[in-house]
*Asks:* 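Structure incoming, see below.
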Amino acid sequence: MSDAPHELHESRILRTELLWAFGVGIFVAASLSMIVFTAITIKINPPSNVERIDPKTLHLSGEFAEQNLGTTVFGDGTVIVRAIATQFMFVPQCIAVPANRRVTLRFASPDVLHGLLITGTNVNTMVVPGFVAQVHTEFTRTGDLLMPCHEFCGQGHSEMWATVQVLPADQFKPGPDGRVSCAQR
Amino acid sequence: MTDQRPQQSDPHVLDQPWRLWSTIAVMGIVLVGILLGVIVIPVVQGRSAGIDAFTAICRALGILPGSPAVPQFSDRTPPTPVSQVVWTPDVLQILARADVAKGKAKVLEVCIACHGENGVSIAPEYPHLAGQSGAAIYKQLHDYRTGSRVNPQMTDIAKALDEAVIADVAAYYAGQPQRNLNPVTLAESPPAIVQLVELGDPHRNIPPCAACHRAGAGGPIEAPVLAEQRDEYLVQQLKLYASGQRRNDVYGRMRLIAPRLTEDEIKGLAAYYRAGFR
Amino acid sequence: MRNAERLCLAHFWVAFGAFLFACVLGAWQMWVRSPLGAKIGTPGEYFMSVTAHGVSMAYVLTTFFIMGFGYFVAVTALNRPLPGQIWAWGAFWMGILGVVLALISIGSGQASVLFTFYPPLTASVWFYIGLVLVVAASWVWCVLMLVAMHAWKVDNPGQPVPLAMFATVANAVMWLWTTVGVAAELLFQVIPASLGLVQTIDVGMSRTLFSWTLHAIVYFWLIPAYIAFYTIAPRAAGGRLYSDTMGRLTFILFLIYSLPVGMHHLLMDPEHGNGTKFIQVLLTAFVAAPTLLTIFTITASMEIAGRLRGGRGVFGWIAALPWERPMVLAIGLAFVMLGFGGFGGIVNMAYGMNAMVHNTSWVTAHFHLIFGGSVVIMYFAIAYEIWPRLTGRDHPSLAPLRIQLWLWFIGMMVMTLPWHWLGLQGQWRRVANFNYADPIIAAWGPWVVVSLVGGLILLVSAILFVRNLVALHRSSVQAIAKPLYALAVHPPRRVPAALNGFGLWNVLVLVLMILAYGFPIAQFVIEPSPAAIVHRLR
Amino acid sequence: MQSDQSSAADSKLEVADEVDEAALVSVMRTVPLGAAVLAGTTVALLVLGYLLIYTLVFIPRGTVG
């Protein structure tokens, strides 16, 4: 083929493609830089907590025994919520949490795979039998929120949900043992 | 594939050393990912939360529990369990390999008085056991033995049985055929009850009964089969759960559901399952 | 009709049969979960339908379409008969047996574990054996594609492999790589549990192994659409492919970057640390590169066609494009849906932000838009384009074809756009019936009805699609033999060896998989997660 | 293996299409401009949308970690 006219040269085409590829690089950098920036400054991570716990003896264990579930405020002010995701019910079915204050939610499953989200918040985790799922967050809005199980766990999956009451600071009063339960409304 | 060296016939054709540049690019990207993900981000996050660099990196890799950005909470609450039964593989193996003949012998010796030879009980307050799930019988007997469930007659009987015999008795009764193989048509049972069994009541946070109690639904292992159970017994147990006197349901699921059922719903459900619906 | 055509048509008819069946199920599900069908259907029926919808769309429609289209490309792009046709028919019938086994076990209610099966829930063993047979059939197809390309390269030393075949073989190589994950999970964990050989299962390991397959499988479905973008669309629009080298590079980037990124499906899982998740998030960002390269290269190719037909100014070429041709219309609609779906995707993959949308309707909208939208509409366009070549008959008229494509686009947009809004509100997935009495859920009701309307439009479009194909079979219009594959502006006379084979790229993929998946899987080998009791649906 | 008789499927490998070279040369003078502008604005919109949803919807919902 005789020397092709300048416009058809492959190198000219590839130069525009490399220019575009540079644009793609900016796209990738933009999306990743937002992730890295917020991870470093305000510590945004996906909830991860490789803490193994035997699902078969969960109900015999200390932390996830039946009467130990719910919200507890410890001496140094840390707010811990413990809940069980079991086939077709969250226990407790109503969780009280303070607004605008760091809360650590810990979940475990004694039987199958579950998952949960709290509507309108960034609380979202899978609850895998064999691990304690842990989410650190701050609730920025008060009110009654919905906490459904969002992973298929059996025939009762659609009916598996709990309520989360985000209480303003003045209504969030721990009892003598540090426990806080839902206000009966 | 033979690696034909490209001939240098046409100068315009791009003929970079692909091997070198692509390897550098791909390796560079993944190493940046490792550097950022496993080292830079965890260490920076850990520093402001008072977590040393090594712990933060181990947490980022998943060797240690906890988030690299938040101090890990620890709690030593004393255990006070509700039911001691633990579904371990060897318990399930014992149930799978139970000896029905030995079970029948023990039934004829002890259980026949109230539960009948083939699981049809003689009085309303004693439950039918024909076709009951082996795991359910195993758990209830185990709970009687450990005191998680209390009953004037059953506690002493259960204490006299050891693990293997419990499995044999459970297997024997599980093997007894259920009589009413074709239940009365659904037309007779009121739609509200059928809906409670099939759909539950999402508004009252009640899951469908069938989700756990229908065999083969993949529900909890210890969920008993309710089909053909005595309705008086079902009503009695639901009331015990509602009042909290019966407490051996793991994580109080029945103790949460029972108080929310109305009087006639309890009766309706008992009649529904009495009729033999699965 | 000759043997190769009958082979392709058999695969396509199985694929589109399963597709129509799954569309009916999908529409029923949309109705049952909406306020209009609040008390209709039990959870048992709903989850059985969701499993059948998933298996038919994700395993049957895709695998059989890809195999059929692969055989067609191997015959027409390489212009030589297909090697091993007996093997191809054997694989076809093995796949049919697998599909029948899977659908029967689903129908019997013993396999309602959805198409992404959630251990420790375990279905009847026939469900898993059925899926293994379908995957095994696709492995035979992969080997045939590799053999066909190798035989062609031996007969044409130093010649660049035609782009369509190069992409098909890239897809086959990627599929062989990615099925390792699901095969390991099924053969070593789920099938033994289903048979009762083991009473427990390591859920951490099984989710990690399935995630190995979970992302590259969506690119396995997507690549045929990209083959149409690169090799069929430019000629259909009357232009040339802007750059053949970029085409090869795109398919190589898909092979490299779709494999070590599966854990972005596990961002919300507790069993992995933040570091291993970040590595795969970063690599996922580079999975967007080939798609972005493609939208530029194909838009440029369309621009060539538009300007050749007299389009002036910066955007004049868009109006000048022959939109009456189904392939060109499909490209336009596919790119719009790819845009919306891609936006959903970069929000999903954004490390911490995944917490906002994981397992909500946002994710459902993402994959319905990309797979259900841009990929499936390209399956339609490919079918419309090559059916005349397979049957020798042509479409009586192009109008119903265009109507069908528009309906699919409109239905998909109406169904999925509300889902983005509902997903942000927290609407979670796989719900048999919503409690519309709850104030939060009640607010979603109207939007669910809007997406139901979209679902019904999609059903109408699916029925119209099958009708269009049947109409072609009965039409008397003779198909004239038109060349199918596009020429590049600069046809490749000779390409570097790296762009003509997969040796180098396989090595790079191996290293990437070790770096990205090595530790996440090794941690379960070193110390297995506490075993969960198997819950069987017998 | 002798290939069967030809059919509509057996199109020749590289068949010239109706594009004439001269028109192609003139078109190629401006070609990637339209595509660059269209695709460029789309990608820019995607990035902008991503950054907006990250800052205006995700961050206000509270930290997660």
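A note on names: the letters A, B, ... follow the listed sequences, proteins ahead of strands, and every chain is numbered from 1.
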*Asks:* Mind checking whether C:His535 and C:Tyr118 have ring centres under 6.0 Å apart?
*Replies:*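 So the answer is no for these two rings.
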*Asks:* Check whether C:Pro528 gets within reach of chain A through its side chain, its backbone, both or neither, counting any heavy atom under 4.5 Å.
*Replies:*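 For C:Pro528, backbone heavy atoms alone lie under 4.5 Å from chain A.
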*Asks:* Go through the atoms of A:Ile118 and report whether side chain, backbone, both or neither lie under 4.5 Å from a heavy atom of chain C.
*Replies:*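 Interface part for A:Ile118: neither.
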*Asks:* Checking heavy atoms, do the side chain of A:Leu32, its backbone, both or neither come under 4.5 Å from chain C?
*Replies:*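 Contact with chain C: side chain only.
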*Asks:* At a heavy-atom separation under 4.5 Å, does C:Ala288 approach chain A through its side chain, its backbone, both, or neither?
*Replies:*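 Only the side chain of C:Ala288 comes within 4.5 Å of chain A.
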*Asks:* Measuring heavy-atom distances to chain C, does A:Glu51 have an atom under 4.5 Å in its side chain, in its backbone, in both, or in neither?
*Replies:*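 For A:Glu51, there is no contact with chain C at all, as no heavy atom is under 4.5 Å.
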*Asks:* Looking at chain A, which one of C:Gln523, C:Met356, C:Arg429, C:His358 has the largest number of heavy-atom pairs inside 4.5 Å, strictly under?
*Replies:*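 Counting heavy-atom pairs under 4.5 Å, the top option is C:His358.
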*Asks:* Heavy-atom pairs under 4.5 Å with chain C - which of A:Phe152, A:Phe131, A:Trp161 has more of them than the others?
*Replies:*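 Of the candidates given, the most pairs with chain C belong to A:Phe152.
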*Asks:* Can you say whether A:Val132 sits under 4.5 Å from chain C via the side chain, the backbone, both, or neither, judging by heavy atoms?
*Replies:*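 The backbone, not the side chain.
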*Asks:* Hey, which of A:Pro46, A:Gly154, A:Ser158 has the most heavy atom pairs under 4.5 Å with chain C?
*Replies:*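 So the answer, after comparing A:Pro46, A:Gly154, A:Ser158, is A:Pro46.
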*Asks:* Among C:Asp202, C:Ile441, C:Leu267, single out the residue with the greatest number of heavy-atom pairs under 4.5 Å to chain A.
*Replies:*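 Winner by heavy-atom pair count: C:Leu267.
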*Asks:* Measuring heavy-atom distances to chain A, does C:Arg33 have an atom under 4.5 Å in its side chain, in its backbone, in both, or in neither?
*Replies:*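 For C:Arg33, there is no contact with chain A at all, as no heavy atom is under 4.5 Å.
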*Asks:* With a 4.5 Å cut-off on heavy-atom pairs, point out which of A:Lys56, A:Met34, A:Glu151 contacts chain C the most.
*Replies:*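 It is A:Glu151.
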*Asks:* Which atoms of C:Tyr46 are under 4.5 Å from chain A, going by heavy atoms: the side chain, the backbone, both sets, or neither?
*Replies:*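 Neither part.
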*Asks:* Flag the one option from A:Val50, A:Val24, A:Val28 with the top tally of heavy-atom pairs under 4.5 Å to chain C.
*Replies:*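 When all of A:Val50, A:Val24, A:Val28 are compared, A:Val50 has the most.
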*Asks:* Checking C:Asn435 against chain A: side chain, backbone, both or neither under 4.5 Å from a heavy atom?
*Replies:*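 Just its side chain gets close to chain A.
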*Asks:* Sort A:Gln87 into side chain, backbone, both or neither according to what part of it lies under 4.5 angstrom from a heavy atom of chain C.
*Replies:*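 It is the side chain, since no backbone atom gets that close.
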*Asks:* Name the region of C:Pro439, side chain, backbone, both or neither, that has any atom closer than 4.5 Å to a heavy atom of chain A.
*Replies:*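 For C:Pro439, neither part sits under 4.5 Å from chain A.
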*Asks:* Is A:Thr125 close to chain C through its backbone or its side chain, or both, or neither, when contacts mean heavy atoms under 4.5 Å?
*Replies:*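 Both parts, heavy atoms under 4.5 Å.
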*Asks:* Heavy-atom distance under 4.5 Å to chain A: side chain of C:Leu282, backbone, both or neither?
*Replies:*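 When you check distances to chain A, atoms from both the backbone and side chain of C:Leu282 fall under 4.5 Å.
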*Asks:* Heavy-atom distance under 4.5 Å to chain A: side chain of C:Ser112, backbone, both or neither?
*Replies:*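 Both parts, backbone and side chain.
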*Asks:* Given heavy-atom pairs under 4.5 angstrom as the criterion, report whether the side chain, backbone, both or neither of A:Leu117 touches chain C.
*Replies:*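 Contact with chain C: side chain only.
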*Asks:* Give the member of A:Pro47, A:Gly156, A:Cys149 that has the highest number of heavy-atom pairs under 4.5 Å with chain C.
*Replies:*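 Most pairs with chain C among the choices: A:Pro47.
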*Asks:* Is it the backbone or the side chain of A:Phe27 that comes under 4.5 Å from a heavy atom of chain C, or both, or neither?
*Replies:*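 Side chain only.
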*Asks:* Is it the backbone or the side chain of C:Ala531 that comes under 4.5 Å from a heavy atom of chain A, or both, or neither?
*Replies:*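 C:Ala531 touches chain A through backbone and side-chain heavy atoms alike.
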*Asks:* Under 4.5 Å from any heavy atom of chain A, what part of C:Phe47 do you find: side chain, backbone, both or neither?
*Replies:*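 Only the side chain of C:Phe47 comes within 4.5 Å of chain A.
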*Asks:* If we only count heavy atoms from C-beta on, is the A:Val180 to A:Phe172 side-chain gap below 4.5 Å?
*Replies:*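 Yes, their side chains come closer than 4.5 Å.
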